[in-house]
Amino acid sequence: MTLGPRTFSPFLAGILVLWPIIAYMGAQGYTGAVAIAALLGLVYVRVQQVRVYALALIALVAWIVAAQFWAPEAQALLSGDMLEGTFSMEMPGIRFGLTALAGLGVIVAARAVAARSSRISLGVIVGVALVQFVGVVVTALFTPQILKALAPFSDPVLEMPQNLIRNANAFMLLLPFLLAWIWHRTSNDYWRIAALGVGIISFAAFAQTGTQTGLTGMALMLICMTVIKLWPRNGFRIIFSSLAVYVTLAPLLLGWGVAQLRGLGIPLPQSFFSRTYSWELVREKVSEAPLMGHGLEASYTWTDTYGDHPDWLADAVARYHADVAFAWEVYPVVPGHPHNMPLQVWAETGMIGASLAAIFLFFLGWRMKAPQDWSPVTRNAAAGLIGVIVAVCSFAYSMWNEAFWASAVLAAAVVVLQARHDDEAAA
C-alpha cells in the first residue's frame with residue numbers, strides 16, 4: 001500500500017485524541033506520543049536542504065548531550081528491567097536529544113501533508129481541545145471533590161494537585177489554536193463572542209486553580225498576537241530576535257534585574273518572591289562556570305536553604321510574617337531546578353549552550369514566513385503558541401523535561417497542519 005502525503009494527518013489527529021488523558025495522568029506520556037508520531041511520519045520525511053537554524057539546533061543538542069558527561073552526578077544511560085516495568089533512560093541529555101530528533105521528524109511530516117486535505121483531522125483536534133477545556137473548567141470548579149475522589153489512587157496533597165496544574169499547562173498549549181480557530185471561523189460575531197467566552201473562562205479557571213504560568217501564558221499569548229498584527233512583515237522576526245536577546249541576557253535580567261523589583265519593596269506573590277532569590281543564586285553559580293556550565297541537572301545538587309542566607313531569610317520573614325520563619329529557614333533556594341529554562345541553560349551548559357540556543361532562535365525567526373503570508377488562523381495560533389511556550393519556559397518546568405517539549409512539538413504540528421490546510425505553501 002502506498003501512503004500519500006495526506007495520510008499523516010489522521011495519524012496525528014488520532015494521537016491528539018489521547019491528549020487530555022495523558023495530561024490528566026501527569027503529562028509524561030507525551031514523550032511516547034511524539035515518538036509514535038515520529039515513527040509514523042518517517043515515511044513522509046524528505047530532507048532536501050539543511051537550513052542554518054537546523055544546523056544551530058543540531059549543534060545545540062550535541063552540546064547538551066556533551067554537557068551530560070561533566071555533570072556532578074554521572075548517570076548510566078539505561079537502568080532497570082523492562083520485564084519488571086522499571087526500565088528507564090537516565091541520561092537527560094540523551095532523552096532531550098532523542099525528543100528533539102523525533103520532534104523534528106513530526107514537524108517535517110506535518111509539512112508534507114497535502115494542502116487542503118486536513119479539514120476532518122483539524123475538526124477532531126478542535127474537539128479534543130474543547131474536551132480538555134471542559135475538563136480544566138470542571139477541575140477549577142470541583143478541585144476539592146476531585147482530590148477526594150482520587151485520593152485512593154493518587155497523593156491528594158502533592159502528586160494529584162501537580163497533575164491538575166500540568167493538565168492546565170497542557171491545555172494552554174492548545175488554547176491559542178482553539179481561540180484562533182473559533183475567532184476566524186466566519187465573520188459572524190457569534191463566533192467571536194464564543195472565542196472571547198472561551199478565553200475569559202480559561203483565564204478564570206487558571207486563576208481559580210492557582211496556575212500562575214497559565215495566567216502569564218495568556219498574557220504573553222496576546223502580546224505575541226499583537227506583535228504580528230502591528231508588524232505583519234517582520235512580526236515573527238521581532239519575536240524570535242527578542243527571545244534570542246532574552247536567552248543571551250538571562251543571568252543579567254533575572255539574576256540582577258528582577259531582584260531590583262524586590263528591592264523597591266513591590267508586593268510580590270510568595271512563589272515569585274522565592275523565584276527572585278533562586279535566580280540570584282543561580283546567577284552566582286553561572287559565574288563559577290561561565291563557559292561550559294556545571295553540567296546537566298547540576299542544579300539538583302544545589303541544596304542551599306534560606307537558613308544558609310540570613311539576609312534572604314530575614315527579608316522573607318519580614319514580608320510574610322514571623323510565624324512562617326521555620327518554613328522559610330528550611331526551604332531550598334533552588335527547589336530542584338531554577339524554574340527558568342534560559343537561566344538553566346546558562347548554569348548547566350554555559351555561555352556556549354546559551355549562545356547556540358540564541359543563534360537557533362534568531363535564525364528560526366528569520367526563516368519563518370512573514371505573518372501576512374499566513375492565514376489569520378495559522379499566524380495567530382503560531383504567535384500565541386510562542387507566547388505560551390515562553391511562559392512555561394520562564395516559570396515552570398526544567399529545561400530537560402522532555403515530556404513538555406514533546407507536548408510543545410505536537411501543538412506546533414497542529415499549527416503546521418492548519419497551515420497546510422490553508423494551502424499556504426502555494427501562496
Side-chain angles (χ1 to χ4, degrees), residues 53 56-57 59-61 63-64 66-67 70-71 92-93 96 100 212-213 216-217 219-220 223-224 227 237-263 268 271-302 304 312 332-365 386-401 404-405 408:
Y53 75 89
L57 177 60
L60 172 61
V61 171
W63 182 254
I64 288 170
W70 60 81
F96 183 88
Q212 296 176 7
T213 301
T216 307
L220 292 179
I223 290 173
C224 288
V227 169
R237 293 177 178 178
I238 292 172
I239 291 172
F240 278 100
S241 296
S242 300
L243 293 179
V245 172
Y246 172 36
V247 171
T248 302
L249 300 180
L252 178 64
L253 294 173
L254 299 172
W256 180 84
V258 175
Q260 305 313 303
L261 296 176
R262 188 183 64 235
L268 301 172
S271 60
F272 186 77
F273 169 82
S274 66
R275 292 282 192 276
T276 64
Y277 277 122
S278 173
W279 295 338
E280 189 168 334
L281 179 61
V282 174
R283 179 182 62 83
E284 295 176 3
K285 297 294 185 180
V286 168
S287 65
E288 295 174 3
L291 184 63
M292 299 177 60
H294 293 270
L296 299 198
E297 295 190 336
S299 56
Y300 284 88
T301 67
W302 300 335
D304 299 47
W312 299 359
V333 179
V334 180
H337 58 84
H339 290 78
N340 181 277
M341 294 188 190
L343 198 57
Q344 188 174 6
V345 168
W346 265 98
E348 298 183 2
T349 68
M351 183 175 64
I352 295 176
S355 298
L356 290 172
I359 291 170
F360 164 67
L361 290 169
F362 177 80
F363 281 107
L364 178 60
I386 294 167
V388 167
I389 290 175
V390 171
V392 176
C393 291
S394 297
F395 300 107
Y397 304 127
S398 166
M399 176 67 189
W400 322 124
N401 186 324
F404 162 70
W405 289 113

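Note: hydrogens, waters and symmetry copies are ignored here, and every other heavy atom, side chains too, is used. Keep in mind the model is a prediction, meaning the values are calculated, not measured.
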Non-hydrogen atoms of [X] and [Y] that approach each other most closely:
{"X": "V282", "Y": "A347", "value": "CG1-CB, 3.7 Å"}
{"X": "M399", "Y": "Q344", "value": "N-OE1, 2.8 Å"}
{"X": "W63", "Y": "T349", "value": "NE1-O, 2.9 Å"}
{"X": "A408", "Y": "I389", "value": "CB-CD1, 4.0 Å"}
{"X": "V392", "Y": "Y397", "value": "CG1-CD1, 3.5 Å"}
{"X": "V286", "Y": "P251", "value": "CG1-CG, 4.4 Å"}

Heavy-atom check, side chain of [X] versus side chain of [Y], under 4.5 Å:
{"X": "F404", "Y": "S398", "value": "no"}
{"X": "W312", "Y": "S274", "value": "no"}
{"X": "E284", "Y": "W302", "value": "no"}
{"X": "K285", "Y": "W346", "value": "no"}
{"X": "F96", "Y": "L296", "value": "no"}
{"X": "L220", "Y": "V388", "value": "no"}

Ring geometry between F272 and F395 (parallel below 30°, tilted from 30 to 60°, perpendicular above 60°): tilted
W400 ring center within less than 6.0 Å of H337 ring center: no
Quick one: [atom1] on [X] to [atom2] on [Y], what's the gap to the nearest 0.5 Å?
{"X": "N340", "Y": "S278", "atom1": "CG", "atom2": "OG", "result": "9.0 Å"}
{"X": "L356", "Y": "M351", "atom1": "CG", "atom2": "CE", "result": "10.5 Å"}
{"X": "T216", "Y": "I223", "atom1": "OG1", "atom2": "CD1", "result": "10.0 Å"}
{"X": "T248", "Y": "I359", "atom1": "OG1", "atom2": "CD1", "result": "8.5 Å"}
{"X": "Y246", "Y": "I239", "atom1": "OH", "atom2": "CD1", "result": "15.0 Å"}
{"X": "L361", "Y": "S242", "atom1": "CG", "atom2": "OG", "result": "11.0 Å"}

Any donor-acceptor N/O pair, E348 side chain to G293 backbone, under 3.5 Å: no
